[in-house]
Amino acid sequence: MPYRPEQIEPKWQAFWEQNKTFKVEIEPNKPKYYALDMFPYPSGQGLHVGHPEGYTATDIVSRYKRMQGFNVLHAMGWDAFGLPAEQYAIQTGTSPALTTAANIENFTRQIKSLGFSYDWDREINTTDPKYFKWTQWIFLEIYKLGLAYEHDAPVNWCPELRTVLSNEEVIDGKSERGGHPVVRKPMKQWMLKITEYAEKLLEDLDGLDWPTSVKEMQKNWIGKSVGAEVHFKIKDKIDLEFVVFTTRPDTLFGATYAVLAPEHPLVDQITAPERWQELNDYKEFCAAKSDLDRTDLSKKKTGVFTGAYAVNPANGQPVPVWVADYVLMSYGTGAIMAVPGHDQRDWEFAKQFGIEIKSILDGVEVSEGAQTDDGILAHSGFLDGLKVKEAKTKMIEWLEAQGRGRASINYKLRDWLFSRQRYWGEPFPLMQTEDGEVLPMDPKDLPLELPTVATYQPSESGESPLAHCDDWINLTLPDGRTAKRSSNTMPQWAGSCWYYLRYLDPHNDQAGWSSEAEKYWMPVDLYIGGAEHAVLHLLYSRFWHKVLYDLGHVTTKEPFQKLVNQGMILGENNEKMSKSRGNVINPDDVVKAYGADALRLYEMFMGPLEKAKPWSTTGLEGAHRFLSRFWRLYVEEDDKTTSRFTDNALDEATERLYHETVKKVTDDLEGLRFNTAISQLMVMVNHLTGQPQFNKNLAKNLALLISPFAPHLGEELWHRLKGGDTLAYETWPSYDPAKLVAKTLTIPVQILGKHRDNLVVPPGLSQTEALQLALKQDKVVRHLEGREIVKAIWVPDKILNLVVR
RNA sequence: GCCCGGAUGGCGGAAUAGGUAGACGCCAGGGACUUAAAAUCCCUUGUUCGUAAGAGCGUACCGGUUCAAAUCCGGUUCCGGGUACCA
């Protein structure tokens with residue numbers, strides 16, 4: 001019988017499901033391994049070929065680790081709150097719950113058709129009240145720590161769509177869908193104090209086995225700056241002062257003006273009466289600026305003079321105080337000391353408005369641009385002669401001694417806007433009384449479920465449809481007061497912040513997870529997913545984990561020990577896959593035509609997991625051809641096991657290749673180098689294809705070696721050879737290092753670094769012996785003619801290089 | 001602009017404590033089997049010169065270190081990702 005994946009794949013999938021082959025429980029005496037996929041949002045589009053890439057990688061590792069004796073936790077679930085289902089509900093009136101359930105069913109079918117070894121008894125769904133009960137519980141824990149607060153924050157309101165959009169959904173000031181204008185509108189929002197964890201989030205990156213790019217992105221996002229706060233008093237109004245943050249306190253003597261953000265509270269108090277009109281106009285101008293204007297690259301700096309002067313604390317000189325929107329209220333103190341000689345932004349501003357530009361570095365010219373490099377200080381009083389670094393320290397000491405400032409650290413990271421004006425999300429487990437008091441719900445009353453609503457249309461004011469649900473939103477408290485629930489819900493990130501913990505103990509209704517399970521399974525040993533989550537999901541998740549750690553609910557500081565981003569699979573034309581480009585590959589079609597094993601094998605063979613790579617249908621066919629060849633090693637046309645199997649010992653070449661193969665595949669699996677592991681299996685199969693007979697035991701082990709990549713094929717061949725049930729818990733083949741050593745080696749001989757000939761010799765030759773043999777070879781002799789050997793480089797069993805004159 | 005990553009045949013990619021560049025797969029060409037085709041199997045395939053033996057060139061570009069560089073160092077170009085007045 002030829003290779004028929006359409007027959008063997010459903011058969012083994014049914015076997016695994018019926019026998020619960022991959023069900024796991026805590027086994028204290030067994031080492032654990034936790035392999036995690038970024039769980040998908042079950043969209044209406046179904047799976048695309050990018051999903052199986054990461055899932056196959058973790059599945060291969062899971063299957064391999066199981067055969068190595070690890071107790072492997074590998075599960076799948078659904079990040080099922082989200083905008084598309086709600087958008088569909090607005091358009092059609094279909095409940096998001098129904099849409100979501102149908103999509104999950106489709107995703108489940110598709111994922112199961114790929115033969116992943118998930119413990120399906122641990123399946124989770126963020127929209128299931130039994131799940132989000134604990135999302136709400138974690139929110140209450142965060143709230144109780146004082147890390148959640150309400151705040152009037154501007155949101156992206158799209159009047160046309162009557163909905164609030166997340167920043168990601170706003171592109172160049174317009175809605176991603178439909179290109180409608182988006183305006184900033186203040187609304188009361190829940191915020192989480194992630195900034196309180198900035199330092200820990202930064203520090204603990206060091207111990208993680210993550211891609212440097214992701215660590216780098218998180219570092220930049222947190223954006224730590226070390227510097228100082230400096231107090232500036234307003235001239236002639238000695239009771240008024242503002243504080244600036246600077247990373248360059250050493251340049252204080254070069255500060256020739258100061259700038260306040262347009263929203264800075266001091267602006268109104270210090271502005272000279274004759275300038276009020278101008279200042280107000282400018283503030284309005286800034287407030288009206290859209291995101292589009294802000295990203296305008298050709299923009300010029302704008303600003304107005306307040307008419308007031310501040311006193312430079314270093315030299316007592318008056319400096320003009322300006323208002324300009326290049327200073328942001330949301331960073332630092334919303335005010336800066338401007339040092340145009342040594343800061344390019346200040347330089348441009350000063351140039352434009354004719355403000356003095358001063359160099360405070362010895363011999364440094366600043367008329368053509370700011371100079372931000374190190375140098376020797378000058379014109380700086382007590383700092384003269386010092387280098388930048390020393391001057392910083394000394395200035396901070398001086399400021400502290402004078403009570404005019406202190407050392408200070410700032411972060412770019414902002415608090416996390418945690419409310420969405422949407423229906424399809426976790427309701428906040430809080431209520432607000434008529435007199436404004438916020439009361440958390442009693443955890444034993446959780447979950448707070450979503451009510452059914454008559455319409456999914458948001459209100460004109462931008463509130464979610466929950467605002468129309470009078471029965472749900474209005475409460476009477478036992479003490480007789482009335483209270484309201486929030487019509488906001490949590491963002492999609494909430495459910496995905498902790499799902500890896502729910503997998504540990506998914507049916508626990510007393511707690512989100514048991515401490516026993518947490519201690520046994522955590523941390524996640526391998527986490528694979530798309531690079532698009534490099535910052536937000538991974539940062540939010542780390543933040544929640546650290547809060548849970550501080551509360552004693554988890555015992556590891558970090559959730560994900562090793563992280564890998566799979567590269568994107570591009571279309572055959574090397575462009576991003578998209579419907580509009582018409583280059584989308586549907587996994588269902590691939591499975592139907594070539595089988596799941598071929599899809600898995602091909603996706604892993606395309607190239608390094610982390611790299612982007614274009615799809616190739618002929619490449620996929622190659623993978624399928626390889627599996628057919630593999631099959632034909634075992635099975636004859638008449639469906640009988642091949643007559644080529646023997647019990648005879650292996651010949652030397654086959655034996656060595658076999659041991660090399662076990663070593664290479666094992667090492668490559670450890671390093672997630674699936675493409676080269678597969679190529680080694682191909683070399684092995686190519687070799688055996690040329691053999692009239694081969695050892696049956698080798699055939700068995702080869703079935704084990706391929707089974708992580710092509711599990712259905714592996715199971716079927718194993719079953720045909722050995723009978724019995726699954727190979728999932730068989731022992732992974734081992735190799736004998738002694739068998740890796742070849743009896744003869746081919747050693748290149750170079751003359752002046754150019755490869756000229758080879759020596760075919762036994763290993764362990766000495767330099768003298770090698771040289772003697774080389775000098776007997778015609779080619780070597782010919783190239784040495786008329787030359788003198790100056791030096792011979794001999795790397796034992798590797799290379800001989802003759803240096804001649 | 002800044003930060004990170006990358007550049008190897010016609011294509012995807014192998015090879016880094018520096019040691020035969022191009023494993024493996026795809027494509028292409030040739031052959032076997034077949035009435036024929038498909039499937040399968042075998043061979044060739046970096047490039048130039050040469051009938052051949054062989055020789056020259058070759059890992060984006062320029063230069064350096066070394067007996068030896070895809071690999072290390074300095075500079076340049078191009079591509080991908082992130083970020084955007086963060087003081």
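Numbers restart at 1 for each chain; the letters A, B, ... are given by sequence-line order, proteins then strands. All values derive from a computational prediction rather than experimental measurement.
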How far does the P atom of B:rC72 sit from the matching atom of B:rC2, given to the nearest Å?
24 Å
Below 6.0 angstrom between ring centroids: does that apply to A:Tyr326 and A:Phe349?
yes
Mind checking A:Ala338 for me? I need base, sugar-phosphate or nothing, with any heavy atom below 4.0 Å counting as a touch.
nothing
A:Phe242 and A:His231 aromatic centres sub-6.0 Å:
no
Starting the side chain at C-beta, find the nucleotide from B:rC26, B:rU20, B:rC67 nearest to A:Lys791.
B:rC67
Just compare B:rG5, B:rU20, B:rA87 and give me whichever is closest to any side-chain atom of A:Phe245.
B:rA87
Name the nucleic acid region contacted by A:Val244, choosing base, sugar-phosphate or nothing; use a 4.0 angstrom heavy-atom cut-off, strictly under.
nothing
C1' atoms of B:rC78 and B:rC67, separation to the nearest Å:
34 Å
Taking any heavy-atom pair under 4.0 Å as a contact, classify A:Asn675: base, sugar-phosphate, or nothing.
sugar-phosphate
Sugar-phosphate only, base, or nothing, as touched by A:Pro608 at under 4.0 Å among non-hydrogen atoms
sugar-phosphate
Shortest non-hydrogen pair, A:Phe245 vs A:Thr333, comes out as N-OG1, 3.6 Å
Check whether any side-chain N or O of A:Ser213 sits under 4.0 Å from OP1 or OP2 of B:rC3, and answer yes or no.
no
Sole candidate of A:Thr302, A:Val323, A:Val304 that passes side chain to side chain contact (heavy atoms under 4.5 Å, CB included) when paired with A:Pro262
A:Val323
To the nearest Å, how far apart are A:Gln218 CD and B:rU83 C1'?
14 Å
Rounded interatomic separation in angstrom, taking CG from A:Leu752 and C1' from B:rA68
10 Å
Given the C1' atoms of B:rU8 and B:rA23, what is the spacing between them in whole Å?
13 Å
May I have the distance from A:Asn574 (atom CG) to B:rC79 (atom C1'), rounded to whole angstrom?
12 Å
C1' atom, B:rA14 versus B:rA21: distance in rounded Å?
10 Å
Among the nucleotides B:rA87, B:rU40, B:rU20, whichever has the atom closest to the side chain of A:Arg632 is B:rU40
Quick one: is B:rA21 close enough that its OP1 or OP2 comes under 4.0 Å of any side-chain N or O from A:Lys754?
no
For a quick test of reading the model: is some side-chain N or O of A:Lys779 closer than 4.0 Å to OP1 or OP2 of B:rG54?
yes
How is A:Thr689 classified with respect to the nucleic acid when contacts are heavy atoms under 4.0 Å: base, sugar-phosphate, or nothing?
nothing
At under 4.0 Å, does any side-chain N or O of A:Asn686 touch on OP1 or OP2 of B:rA23?
no
Considering only heavy side-chain atoms of A:Thr247, the closest of B:rC24, B:rA15, B:rA87 is B:rA87
Taking only residues two or more places apart in sequence, or in another chain, which ones meet A:Arg4 in a side chain to side chain donor-acceptor pair (under 3.5 Å)?
none
Rounded to the Å, how far apart are A:Trp794 CH2 and B:rG19 P?
16 Å
So what does A:Val683 hit on the nucleic acid, given a heavy-atom distance under 4.0 Å: a base, only sugar-phosphate, or nothing?
sugar-phosphate
What's A:Lys798 touching, base or sugar-phosphate or nothing? Going by heavy atoms closer than 4.0 Å.
sugar-phosphate
If the C1' atom of B:rA28 is compared with that of B:rG75, how far apart are they to the nearest Å?
40 Å
Tell me what A:Lys219 touches on the nucleic acid: a base, only sugar-phosphate, or nothing, going by heavy atoms under 4.0 Å.
nothing
Using a heavy-atom cut-off of 4.0 Å across all strands, would you classify A:Gly622 as base, sugar-phosphate, or nothing?
sugar-phosphate
CG of A:Asp668 versus P of B:rA14: gap in Å, rounded?
11 Å
Start with the C-alpha gap between A:Tyr602 and A:Trp615, add the side-chain angles, then the distance that decides, and say whether side chain to side chain contact (heavy atoms under 4.5 Å, CB included) holds.
CA-CA 9 Å; A:Tyr602 173 61; A:Trp615 184 262; 3.8 Å; yes
Between A:Arg756 and B:rG54, is there a side-chain N or O to OP1/OP2 distance below 4.0 Å?
no
So, A:Thr746 versus A:Asn758: side-chain donor-acceptor pair below 3.5 Å or not?
no
If you compare every side-chain N and O of A:Lys611 against the phosphate oxygens of B:rG13 (OP1, OP2), does one of them come in below 4.0 Å?
yes
Residues two or more places apart in sequence or in another chain: which of them pass side chain to side chain donor-acceptor pair (under 3.5 Å) with A:Tyr594?
A:Glu621
Would you say CZ of A:Arg787 has more than 12 non-hydrogen atoms from neighbouring residues, nucleotides or ligands within 6.0 angstrom?
no
A:Lys224 vs A:Arg625, nearer the 5' end of RNA chain B by closest nucleotide
A:Arg625
Once you round it to whole Å, what is the distance between C1' of B:rG80 and CE of A:Met568?
10 Å
Could you check which of B:rC67, B:rG5, B:rG12 has an atom nearest any side-chain atom of A:Pro614?
B:rG12
With a sphere of 6.0 Å drawn around CG of A:Asp778, does it hold more than 12 non-hydrogen atoms of other residues, nucleotides or ligands?
no
Tell me if B:rG54 is syn or anti. Syn = glycosidic torsion within 90° of 0, anti otherwise.
anti
Looking only at side chains, do A:Asn565 and A:Glu610 share a donor and an acceptor under 3.5 Å apart?
no
Residue whose closest nucleotide on RNA chain B lies nearer the 5' end, A:Ile793 versus A:Arg782
A:Arg782
Under 4.0 Å, counting only non-hydrogen atoms across every strand here, what does A:Glu216 touch: a base, just sugar-phosphate, or nothing?
sugar-phosphate
Rounded to whole Å, NE2 of A:His533 lies from C1' of B:rG82 at a distance of 15 Å
Tell me whether A:Glu53 is salt-bridged to A:Lys613, with the criterion being a basic N under 4.0 Å from an acidic carboxylate O.
yes
Please work out the stems of RNA chain B from pairs that are Watson-Crick or G-U wobble with both distances under 3.5 Å, keeping only runs of three or more consecutive pairs.
B:1-7 with B:77-83, B:10-12 with B:24-26, B:28-32 with B:40-44, B:46-49 with B:54-57, B:60-64 with B:72-76
Give one of base, sugar-phosphate or nothing for A:His783, where a contact means two heavy atoms less than 4.0 Å apart.
sugar-phosphate
When we call it a touch if two heavy atoms are under 4.0 Å apart, what does A:Asn410 touch: a base, just sugar-phosphate, or nothing?
nothing
As a test of reading the structure: which of B:rG19, B:rA87, B:rU40 is closest to the side chain of A:Ile799, going by heavy atoms?
B:rG19
Taking atom P in both B:rA70 and B:rA60, what distance in whole Å separates the two?
10 Å
Rounding to a whole Å, what distance do you find between A:Leu745:CG and B:rG19:C1'?
14 Å
Integer angstrom distance from the P of B:rG22 to that of B:rA39:
30 Å
Taking the same atom, C1', in B:rU77 and in B:rC42, what whole-Å distance lies between them?
45 Å
Nearest-nucleotide pick for A:Met682, side chain only, options being B:rC24, B:rC3, B:rA87
B:rC24
